[in-house]
Protein chains: 2
Amino acid sequence: MEGAVCPVARSLDVIGDWWSLLIVRDAQYGLRRFGEFQKSLGVAKNILAQRLKHLVDHGILETQPASDGSAWQEYVLTEKGRSLFPILVALGQWGQAHCFEAGEPRTRVLDKAHGQPVKPLEVRAADGRVLTVQDVRLERPATQG
Amino acid sequence: MEGAVCPVARSLDVIGDWWSLLIVRDAQYGLRRFGEFQKSLGVAKNILAQRLKHLVDHGILETQPASDGSAWQEYVLTEKGRSLFPILVALGQWGQAHCFEAGEPRTRVLDKAHGQPVKPLEVRAADGRVLTVQDVRLERPATQG
DNA sequence: AGGGCCCGGTTTCGTTATGCAACCCGTTGT
DNA sequence: ACAACGGGTTGCATAACGAAACCGGGCCCT
């Protein structure tokens, strides 16, 4: 799917597996070390190593020499990685709205300043109108798969 | 991961594989029939059947008796499925910004009314301020994995 | 400076998911 | 009635995934 003309397909090629986005989510919230990710996610170490390498290869994470003085390396988000934030928020809002029973405990993303949940994302036109899927169309470059 | 407290993880449990979101994307743009999905995605038929069943089981698609008079069924999005729209837009915008060379052809999502691309998504606080990942914090219910 | 213990992986191997192709059956068109 | 098509299911080969063992190099304590 490397040559797909659809940006959604290209994104999924990079972050479309189960663990990658969860790693990015944890990285957004400050995790940096191999062991931290492993403990937080409960993923097998070989898989984690593989995914971290994948994310580094695609420029979403980069390795840094240290930070606490130890000789090991850390994984930190690049600008490309930080710009995945809206995707994580979108997934979180959808999951919260549709994948929980009422009253079931869940984590929430809160505005640090006032402790309020963030607003539901809205797709807007250039002039600010809120758009649904019926209000948009797809422009294809040539032939599309 | 069924019992995860993180809404992102729950979402990925439902739509976190390679094909599901692409099926939903095509459904958003009007595809309904098994054969249409298969032709558009190029996916093996057994995998497609499995994914469609999964999406139906999770209430994202539902089967309808007909529409062109033929005896077969169609797959159409439910409200839950339609509400995945912002996720697809977020993925599309990110992919477009970070996974293409300049000038490389790509599909685009355009506002039907004016033919303009949609605005980049913004995460906003309840009071309307645009938020980055540094401006938010995570509230955990009890213990989190 | 020697011995044990973490951190950060890699290797091995069994299990599961994925993909291709062949097959099947009811529908539809002629 | 017969051929072709739409909509799957079944079997088998292959690739991804996952658990656990292993391993080397830093670190830590004495």
Side-chain angles (χ1 to χ4, degrees), chain A residues 1-4 9 11-27 30-58 60-77 145, chain B residues 1-4 9 11-27 30-58 60-77 145:
Chain A
M1 287 295 195
E2 310 255 304
S11 296
L12 291 175
D13 192 43
V14 179
I15 52 162
D17 70 284
W18 173 247
W19 294 115
S20 293
L21 266 179
L22 293 179
I23 292 169
V24 171
R25 175 202 63 175
D26 281 354
L31 270 54
R32 299 167 155 241
R33 296 287 282 265
F34 187 96
E36 290 179 322
F37 290 114
Q38 212 237 319
K39 186 178 166 199
S40 165
L41 299 170
V43 59
K45 296 204 286 183
N46 52 352
I47 304 295
L48 178 58
Q50 189 178 306
R51 287 293 175 279
L52 288 172
K53 181 175 182 339
H54 179 82
L55 292 171
V56 169
D57 287 349
H58 283 82
I60 290 167
L61 295 175
E62 58 189 358
T63 52
Q64 276 187 0
S67 106
D68 65 344
S70 74
W72 291 297
Q73 65 184 357
E74 296 181 340
Y75 298 90
V76 299
L77 289 169
Chain B
M1 287 296 193
E2 310 255 303
S11 295
L12 291 175
D13 194 43
V14 180
I15 52 163
D17 71 282
W18 173 247
W19 294 115
S20 292
L21 266 180
L22 292 179
I23 292 169
V24 171
R25 175 202 63 175
D26 281 355
L31 269 55
R32 299 166 155 243
R33 297 287 282 264
F34 188 96
E36 291 178 322
F37 290 115
Q38 212 236 320
K39 186 178 165 203
S40 165
L41 299 171
V43 60
K45 295 204 287 182
N46 53 352
I47 303 296
L48 177 58
Q50 188 178 306
R51 288 294 176 278
L52 287 171
K53 180 173 182 342
H54 178 82
L55 291 171
V56 169
D57 287 348
H58 282 82
I60 290 167
L61 295 174
E62 59 188 359
T63 51
Q64 275 188 359
S67 106
D68 65 344
S70 73
W72 290 296
Q73 65 182 358
E74 297 180 339
Y75 297 90
V76 299
L77 288 168

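Quick note on labels: first sequence line is chain A, next is B, and so on, each numbered from 1. Excluded from the calculations below are hydrogen atoms, water molecules and symmetry mates; all remaining heavy atoms, backbone and side chain alike, are included.
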So if I define the base as every atom that isn't primed, P, OP1 or OP2, how would nucleotides 21-27 of chain C read as a B/S/- string at a heavy-atom cutoff under 4.0 Å? -----BS
If I take atom [atom1] in residue [X] and atom [atom2] in nucleotide [N], what distance separates them, rounded to the nearest angstrom?
{"X": "B:R32", "N": "D:dG7", "atom1": "CZ", "atom2": "P", "result": "13 Å"}
{"X": "A:K39", "N": "C:dG8", "atom1": "NZ", "atom2": "P", "result": "13 Å"}
{"X": "A:E74", "N": "C:dG8", "atom1": "CD", "atom2": "C1'", "result": "13 Å"}
{"X": "A:K53", "N": "D:dC17", "atom1": "NZ", "atom2": "C1'", "result": "18 Å"}
{"X": "A:I47", "N": "D:dA19", "atom1": "CD1", "atom2": "C1'", "result": "10 Å"}
{"X": "A:I23", "N": "C:dG9", "atom1": "CD1", "atom2": "P", "result": "12 Å"}
{"X": "A:D17", "N": "D:dA15", "atom1": "CG", "atom2": "C1'", "result": "15 Å"}
{"X": "B:L22", "N": "C:dT18", "atom1": "CG", "atom2": "P", "result": "13 Å"}

Between [X] and [N], does any side-chain N or O lie under 4.0 Å from OP1 or OP2?
{"X": "A:Q38", "N": "C:dC7", "result": "no"}
{"X": "A:R33", "N": "C:dG8", "result": "yes"}
{"X": "A:W19", "N": "D:dG18", "result": "yes"}

If you check the [X] side chain, which of [options] turns out closest?
{"X": "A:A49", "options": "D:dA19, C:dC20, C:dT10", "result": "C:dT10"}
{"X": "A:Q50", "options": "C:dT10, C:dG19, D:dC17", "result": "D:dC17"}
{"X": "A:Y75", "options": "C:dG19, C:dG9, D:dG8", "result": "C:dG9"}

What closest approach, in Å, do B:I15 and B:S20 show between heavy atoms, and which atom pair accounts for it?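 What the structure gives for the nearest pair is CA-CB, 4.2 Å.
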Residue pair A:I23 / A:F37: nearest heavy atoms and the distance that separates them: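 Taking every non-hydrogen atom into account, O-CE2, 3.6 Å.
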Compare all side-chain heavy atoms of B:Q73 with those of B:Y75 and state whether any distance is below 4.5 angstrom.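 Answer yes - side chains close enough.
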When we call it a touch if two heavy atoms are under 4.0 Å apart, what does B:F37 touch: a base, just sugar-phosphate, or nothing?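 Touches nothing.
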What is the distance from atom CG of B:L61 to atom CG of B:L77, rounded to the nearest 0.5 Å?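 Between B:L61 CG and B:L77 CG, I get 5.5 Å after rounding to 0.5 Å.
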Distance-only check: which donor-acceptor pairs under 3.5 Å involve side-chain atoms of residues 49-57 of chain A, not counting sequence neighbours?
unit_1: A:R51; atom_1: NE; unit_2: A:D17; atom_2: OD2; d: 2.5
unit_1: A:K53; atom_1: NZ; unit_2: A:D57; atom_2: OD2; d: 3.0
unit_1: A:H54; atom_1: NE2; unit_2: A:V14; atom_2: O; d: 3.0

Quick one: does B:Q38's side chain have a donor or acceptor within less than 3.5 Å of a partner on B:F34's backbone?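 No; judged by distance alone, with no hydrogens or angles, the pair does not exist.
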With sequence neighbours excluded, tell me which residues meet side-chain hydrogen bond (donor to acceptor under 3.5 Å, both in side chains) with A:E62.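 In terms of side-chain hydrogen bond (donor to acceptor under 3.5 Å, both in side chains), with neighbours along the sequence ignored, A:E62 is linked to no residue.
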